[in-house]
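So the structure is just underneath, and the comments pick up after that.
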Amino acid sequence: MPILEVNQLQKSFGDIHAVQGISFSVEPGEVFTIIGPNGAGKTTTLEMIEGLMAPDTGEIHFGELNWKQHAIEIKKKIGVQPQSSAMFDLLTPKENLDLFASFYDKARSTAEILEIVNLTDHQNNQVKKLSGGQRQRLAIGLAMISDPEIIFLDEPTTGLDPQARRNIWEIITQLKSLNKTTILTTHYMEEAEKLSDRVCIVDQGRVVTLDSPSNLIEKLTKEREVRLSFQDGETAALDGELFSNQLESVIRTEREGTSLKLWTLNPEDTLLNLFKFTKEKDYLLEQVSIREMSLEDVFIAYTGKEWRD
Ligand code: ATP
């Protein structure tokens, strides 16, 4: 049974139709990620689910529970990563966690949370002295303090350096091993691809597609891009292009100076034939690579928009 079901959510602000009929369900223990271009309606959708804003129409169910009748029970089930501004800068991480814990009847131990979010060594430093990554980790800790089943993380890694981002990924992976359900939004495609069980792409207030990253990529295309460059210059690339065009598995080619790109349905067959060809001709290859299609290709295909980091 889904832990969360969202059915035909709609929300307008005057003439702006921010959310126009969003539906999805989330299974227990999943990392469910919502991605989309600027203004797609992600935050509005999350805020409705978190109970911060009522939808104009549509339904939100946490199992048997809904916001109208069971707000108190739902609040016990969910944890929302607070904005940085909600933390007390002059207090330490430990004090912030203790304070947030005091708001709930039931809370996890502060020491345990500090361990999970890797802040034990900084527990007694004032929050204002923490780095951006450490503050974000504390925000996740604060979302976890009431031991909720579902944790909402809205762009937890925005603006962080790659190492700090990876530290947050580790925490999200830990949440999964604790059987928590995580609902995530992110601006980083690599992050969505690495962490998510399923990704929901939203554009102009609607769900345009929803599936596991690997299914989304596979559904999009079975083509793979092979790139070659030749030490022997343009003649070799031109010859390589003529040869590739005769291969059945090759769909199209594109040559640029001494490099050749080709798209194939069967990279193994294509490469085997190409290596035979270069050997026969005594051409020297400089570089060979296969580019797998990524979630970014899926995003661009569905939204028609370039991804921005
Ligand atoms: P981003 O990736 O930029 O955070 P988003 O996908 O989270 O975007 P939303 O913040 O949900 O998008 O906004 C959806 C649309 O609704 C946008 O056009 C936005 O300007 C508009 N909007 C959101 N909140 C309000 C509000 N309180 N009043 C008026 N318009 C709003």
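Both ligands and their constituent atoms are indexed starting at 1 by order of listing. Treat the numbers as computed from the prediction; the structure is a model and nothing was measured.
- E256 and K261 are not joined by a salt bridge, as no carboxylate oxygen comes within less than 4.0 angstrom of a charged side-chain nitrogen.
- Between the side chains of Y283 and D239, at least one donor-acceptor pair of N or O atoms lies under 3.5 Å.
- With salt bridges taken as basic N to acidic carboxylate O contacts below 4.0 Å, one links D89 and R135.
- Remark: F24 pairs with F32 by the ring-ring contact (aromatic ring centres under 6.0 Å, His included) rule, at least two apart or across chains.
- Among V19, D15, D154, T43, the residue whose heavy atom sits closest to atom 10 (O) of ligand 1 is T43.
- Close N/O approach between G36 and ligand 1 is not found [any backbone or side-chain N/O within under 3.5 Å].
- Considering backbone and side-chain N/O of G41, one or more are found under 3.5 Å from N/O of ligand 1.
- Contacts between I16 and ligand 1, counted as non-hydrogen atom pairs separated by less than 4.0 Å, involve the side chain only.
- Within the listing of ligand 1, atoms 2 (O) sit less than 4.0 angstrom from a heavy atom of H187.
- Proximity to A18 (heavy-atom distance under 4.0 Å) selects the following atoms of ligand 1: 14 (C), 15 (C), 16 (O).
- Sorted by first and then second residue, the ring pair (Phe, Tyr, Trp, His ring centres under 6.0 Å) pairs involving residues 71-102 (not counting sequence neighbours) are F100-F103.
- In this structure a side-chain-to-backbone donor-acceptor pair under 3.5 Å is present from S131 to Q134.
- When only interatomic distances are considered, the shortest N/O to N/O separation between T44 and ligand 1 falls below 3.5 Å.
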